[in-house]
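To start, the structure under review is shown below, and the notes come after it.
All chains are named by letter (A, B, ...) in the order of the sequence lines, taking the proteins before the strands, and each is independently numbered beginning at 1.
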Amino acid sequence: MAQGKGWSRDDMAKRAAQELKDGFYVNLGIGIPTLVANHIPDGVDVTLQSENGMLGMGPFPYPDEVDPDLINAGKQTITELRRSSYFNSAESFAMIRGGHIDISILGAMEISEGGDIANWMIPGKMVKGMGGAMDLVAGVKRCVAVMDHTNRAGASKFLPQCTLPLTGRNCIDMVITDLGVFSRGEGEARFRVTELAPDIEMDEVKAKTEADLDWSVL
Amino acid sequence: MAQGKGWSRDDMAKRAAQELKDGFYVNLGIGIPTLVANHIPDGVDVTLQSENGMLGMGPFPYPDEVDPDLINAGKQTITELRRSSYFNSAESFAMIRGGHIDISILGAMEISEGGDIANWMIPGKMVKGMGGAMDLVAGVKRCVAVMDHTNRAGASKFLPQCTLPLTGRNCIDMVITDLGVFSRGEGEARFRVTELAPDIEMDEVKAKTEADLDWSVL
Amino acid sequence: MSNKVFKTAVEALEGLTFDGMVVMAGGFGLCGIPENLIGALRDSGAQNITAISNNAGVDGFGLGLLLETRQIKKMVSSYVGENKEFERQFLAGELDLEFNPQGTLSERIRAGGAGIPGFYTKTGVGTVIAEGKPTMDFDDEEYIMETGLKADVALVKAWRGDTQGNLQFKKTARNFNPMMATAGKVTVVEVDELVEVGSFDANYIHTPGIYVQRIIEAKCEKRIEQLTIRERA
Amino acid sequence: MSNKVFKTAVEALEGLTFDGMVVMAGGFGLCGIPENLIGALRDSGAQNITAISNNAGVDGFGLGLLLETRQIKKMVSSYVGENKEFERQFLAGELDLEFNPQGTLSERIRAGGAGIPGFYTKTGVGTVIAEGKPTMDFDDEEYIMETGLKADVALVKAWRGDTQGNLQFKKTARNFNPMMATAGKVTVVEVDELVEVGSFDANYIHTPGIYVQRIIEAKCEKRIEQLTIRERA
């Protein structure tokens, strides 16, 4: 569904979905990450966690199934599956903090070359709070950030250092933007370009990236 | 049921039972404290906790009710009541450590005048472990120790300082021995004699007590 | 047995409210909030309340009721996005706000109830959350210390409760309620359904009655914040 | 879905055991112990095991099996009273022993599973347990720091489990099992009854399947340590 150059929001979600492996327990953030659920590859069976206290998040309810006592972390009404279980918030975050969730896919405002992420506040604007974002990036085994590569003014969001207050330090393993995929293995300090979106040239990526990446060939 | 001078084991248990108030949640230790359950006053309804994970401990089972999956902290087979609930060990001790149990009645080898208790090990002898004793004395709102006033050699077990390794420091609120009752209010440093067992004179108590108590009149 | 059952939310809070009190209120968004007890707290007139709650309700509902009447002095929350009156008071400097990461908040409440005055977590290391907090390294990684939280009164919403205070929660309405039940000096619970002792299978009680001092049965509106549905094919 | 169900205890431990491994084993006394998995661990021949378990079984049963074969190098427990072979090896200096207060042990295991590397407790202050441990004062009271515990493999006994690893425990056989399930790098569970996914009410699952990597159905002897009964009138 790519429109013109690079990836659309839905393309990014689809690419992020390829990071899901069979049997994974997965936490999806708000925004583009929510779309990931629509693109889970065939034969890959994952269990979605909702940090307000549920494993096995099901689809939105039919009108006659709506239950005000069953919502997700985005406060939307949802349904349960045969595999579902409920638990309290302390147990939910024990699960997150303890490294039991295989992967978190989350939105970002800025990512630094050292894997820092900023996605919860903009100084001077009303701050709504970090919710569970700081716990997720600190605790989940593998964190994949999805964001536009540049802001509306065209400035890079992949930076040497985040300019916004951090959500977490050195915690992002992969960044998916409209221009491509940037990843680093466990223990690796720097990100590499591991994939380019359609019709995107490396030169464009370099021009739009302030972060110092490992620019070796794909 | 007193035989001759002072209190029998059962008398001490009966006296300890008078510390139970209606609605209390109670933890009873092994030995004399176990007998307390037989003496709960009429009109006083308490809920017994078993630290292996149960509130509302019931009596021993009839032969056809025995369930190996239902035991108390002394590893004896027991039964459940209509009010009972089960929980895991971390929750059980969260309950204890968090000060939610109203009273613990436990056996002691030595008590110090500052409210220290020793009841888990004798150096040189095989040590079986403290089990939940250290958690109970540190966490329960009010701790009542029950013990013989002297050892077999006639030496006082109510001492200026415990000679045995401590189970807990400054945590005992009342001591019940075969000679009487010794208590201190919240925030009070010293114990007072608040009750004498039948046919026990204050002089005998003084002679058999090495601890420095507040010896003002009853 | 000393009686735990009260008739109304107002009676259940009788003698428990005072100016400057610390209150915990369960719920995530508007899901699983103690609606009736919040209303009774408003009616008590208690002022300068510190409210520990993951969210701050919405305008005119949930804790929004207490914001309207200016009874809340400080909120301890993880996310307060859905409340205009909150925003107005905060920007005007009329309201204190302490943000906690959601998992840190829930663990702090559990710790408070469990007699744990402090614990270490990786959450928030390197962020503003870490400022001024003690740190310690474990296995060469830095952690920050967070403290346990308690409340004068915890307001809890459960699904079913028995007359001894044993509770069961429904689906995601469980959220912060069980921990808050353990962290109140006094815990007051409202349930959809009050049942006789012995109605529950003892294996499946979420909150044992030891944590509950007062309980009422009360009808909740259960407002839905984001109705999302799909159509049948 | 990747398959979690194994046929036998021996198969369920395949590839997980090694010399010097740290094992957690659930149970309180002989109640709720993973009998079959302990047998399979013995059969694996792994040596120099550190075993974290509230108790050490009895002679010839439970962890007693692994003591007989000298496969255990160190025990981390709160009470080990019922085992002569244990006593012999300990007094002969053949076995290391680390006593933990029961509540400290259970909280350390919960902390290990919950990503909490350290927490403060009043338990043990002023006793030998406090020796060498960091302390901190909160509200002018002294607390000691205890650390989180993890294991290479956690052996867990549950009542019923489904094929996704969701678990329910029975009565006091629950004890240490749920925390240990969270603290194993790999958690292996034996259940009395293996059921299909969807058999449980999602409100009443004690351990969500996320913590369980392998599961078997196996018959347990369930030996009783102290049979105490009363006679019918």
Could you walk me through whether R110(D) and F93(B) pass the side chain to side chain contact (heavy atoms under 4.5 Å, CB included) check? CA-CA 11 Å; R110(D) 179 193 178 273; F93(B) 283 91; over 6 Å; no

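- Between the side chain of R97(B) and the backbone N or O of G103(D) there is at least one donor-acceptor pair closer than 3.5 Å.
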Take F99(D) and W120(B), measure what side chain to side chain contact (heavy atoms under 4.5 Å, CB included) needs, and give me the verdict at the end. CA-CA 11 Å; F99(D) 276 128; W120(B) 78 283; 4.2 Å; yes

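- To the nearest 0.5 angstrom, K222(D) atom NZ is 7.0 Å from D67(B) atom CG.
- Interatomic distance, CG of L227(D) versus OG1 of T77(B), reported as 5.0 Å (0.5 Å rounding).
- In this structure, T172(D) OG1 and I78(B) CD1 are separated by 6.0 Å, a value rounded to the nearest 0.5 Å.
- More than 12 heavy atoms of other residues, nucleotides or ligands sit less than 6.0 Å from atom NZ of K171(D).
- Note that CE of M134(B) and CG of N100(D) are 10.0 Å apart. Values are rounded to the nearest 0.5 Å.
- At a 4.5 Å heavy-atom cutoff, D116(B) makes no contact with chain D through either its backbone or its side chain.
- Using a 4.5 Å cut-off on side-chain heavy atoms (C-beta onward), R174(D) and S89(B) make no contact.
- Heavy-atom contacts from other residues, nucleotides or ligands closer than 6.0 Å to NZ of K84(D) number 12 or fewer.
- Atoms NZ and CG, from K128(B) and N55(D) in turn, are 12.0 Å apart once rounded to the nearest 0.5 Å.
- N88(B) places no side-chain N or O within donor-acceptor distance of the main-chain N or O of M179(D), the cut-off being under 3.5 Å.
- Only the backbone of T167(B) comes within contact range of chain D, with heavy atoms under 4.5 Å apart.
- At a 4.5 Å heavy-atom cutoff, I96(B) makes no contact with chain D through either its backbone or its side chain.
- With hydrogens and angles disregarded, no donor-acceptor distance shorter than 3.5 Å links the side chain of T127(D) to the backbone of L166(B).
- The closest side-chain heavy-atom distance from Y79(D) to M130(B) is not below 4.5 Å.
- The parts of V127(B) that come within reach of chain D are both its backbone and its side chain, each placing non-hydrogen atoms under 4.5 angstrom from that chain.
- Heavy atoms of E51(B) lying under 4.5 Å from chain D belong to its backbone as well as its side chain.
- For the pair F28(D) and N72(B), the tightest heavy-atom approach, listed with the atom from each and the gap, is CE2-O, 3.8 Å.
- The line from CD of Q102(D) to OG of S92(B) is 7.5 Å long, rounded to the nearest 0.5 Å.
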